[in-house]
Structures are given as structure tokens and as C-alpha cells.
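The structure appears right after this line, and notes come after that.
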Amino acid sequence: MKKKLLIIEDDDNTRNLLCMEFIDEGYQVLPAKSAFIGLELFQHNKIDLVMLDLKMPGMDGFEALEKFLNLNNQLPIIINSAYSHYKENYLTWRASDYVVKSGDLDSLKKTVNRHLATS
């Protein structure tokens, strides 16, 4: 059975790229363009890992992280943000990992694979 990733990213191009890359890696992918949609999808699907952007309109990734962990504190959550300085923000420390966005997705792929291999 394929592991299921929930990718929450408000930028359409980035979300589409991530979805294509992780489908190519053999994962089942559920895309969400907002944290609200992501939480809705999470409540109706068995999700193995959440990839979460931080800077989004409406509910940001900080608030979404807290909500996901309240629903399942064992859930691997990887923050994928363009902003490296948020890594120092204590609100992100509860995430399983923090990967700074770049054009090279190798680090993100390795991080996802590592967390799903141990779950």
C-alpha cells in the first residue's frame, strides 16, 4: 500500500511541482491549497505524513501545525518553507523536520523518505 502524503502549499506552481515529484517517488499525494482544506482532507483520509508551508493566507502553518498535532501527535509533519529564519521560532520545534525550500528537492525527498521509513 502506498504511503499517503498531504501537501499543503498555497502557491499553485510549487504545490503542483511537489505533487508530481512525490507521485514519481511512488507516494499517493493529496494536495491542499490552504490549511483549512488540508485539515478537512486529514479528517477524511488516513494520512501518513503532512508537508506544510508556513506563510499562507487565512490560517498560517504555525496554527495548522498545532491543530494537526492536537488531532494526532504522532503524525510526521515536515515544514517546507522559503523562510529559514522561522526555524528558530519555537512554534516550529514541534514539527518532525524543517526543510528550507529550494530548486533542488533532494533534501526534501530524503527527509520525507526517512520519516516514512520509520513510521
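Atom set for the values below is all heavy atoms of this structure, side chains included, hydrogens, waters and symmetry mates excluded.
- Remark: side-chain polar atoms of N113 are paired, donor with acceptor, to backbone N or O of K109 under 3.5 angstrom.
- The side-chain heavy atoms of L52 and I7, taken from C-beta on, include no pair separated by under 4.5 Å.
- In this structure, the side chains of H115 and D48 stay at 4.5 Å or more apart for every pair of heavy atoms.
- Side-chain heavy atoms closer than 4.5 Å link hydrophobic residues (I, L, V, M, F, W, Y) into clusters, and following such links, possibly through other members, connects M59 to Y83.
- Within the 4.5 Å cutoff, side-chain heavy atoms of F68 are placed close to those of L6.
- Side-chain contact between L71 and Q43 is present, with at least one heavy-atom pair separated by less than 4.5 Å.
- Closest approach of G38 and I8 over heavy atoms only: CA-CD1, 3.8 Å.
- By the criterion of side-chain heavy atoms lying less than 4.5 angstrom apart, applied directly or through intervening Ile, Leu, Val, Met, Phe, Trp or Tyr residues, L49 is not grouped with M20; the two fall into different hydrophobic clusters.
- Between V112 and L5, the closest side-chain pair of non-hydrogen atoms falls below 4.5 Å.
- Atom-to-atom distance recorded for L69:CG and R94:CZ is 4.5 Å, nearest 0.5 angstrom.
- Judged purely by atom type and a 3.5 angstrom limit, S96 uses its side chain to pair as donor or acceptor with the backbone of I77.
- D60 contributes atom CG, which lies 7.5 Å from atom NZ of K55 (distance to the nearest 0.5 angstrom).
- When the ring pair (Phe, Tyr, Trp, His ring centres under 6.0 Å) test is applied to H44, no partner is found at least two apart in sequence or on another chain.
- Remark: the backbone N or O of I47 is not paired with any side-chain donor or acceptor of N45 at under 3.5 angstrom.
- Counting only heavy atoms from C-beta outward, the side chains of N80 and L108 approach each other to under 4.5 Å.
- Remark: the backbone N or O of Y27 is not paired with any side-chain donor or acceptor of E25 at under 3.5 angstrom.
- Using a 4.5 Å heavy-atom threshold, the side chains of I79 and D97 count as separate.
- Taking both residues in full, the closest heavy atoms of S102 and D104 are given as OG-O, 2.8 Å, listed atom of the first, atom of the second, then distance.
- Side-chain atoms of L54 and Y98, non-hydrogen and from C-beta on, do get closer than 4.5 Å to each other.
- Heavy-atom minimum distance, A82 versus V100: O-CG1, 4.2 Å.
- For the residue pair G61 and M56, the shortest heavy atom distance occurs at N-CE, 3.9 Å.
- One distance of note links CD1 of I37 with CG of L30; it measures 12.0 Å at 0.5 Å rounding.
- Nearest heavy-atom pair across F22 and M51 is CE1-CE, 3.6 Å.
- Exactly one residue among D11, L17, N16 makes a side chain to side chain contact (heavy atoms under 4.5 Å, CB included) with T14. That residue is D11.
- The salt bridge (Lys or Arg N to Asp or Glu O under 4.0 Å) test with K33 singles out one residue from D53, D10, D12, and that residue is D12.
- Once rounded to the nearest 0.5 Å, the distance linking CG of L65 with CG of N70 reads 9.5 Å.
- In this structure, CD on Q28 lies 11.5 Å from SG on C19, to the nearest 0.5 angstrom.
- Rounded to the nearest 0.5 angstrom, L116 CG and K4 NZ are separated by 13.0 Å.
- Salt bridge present: E9 and K101 bring a charged side-chain N and a carboxylate O closer than 4.0 Å.
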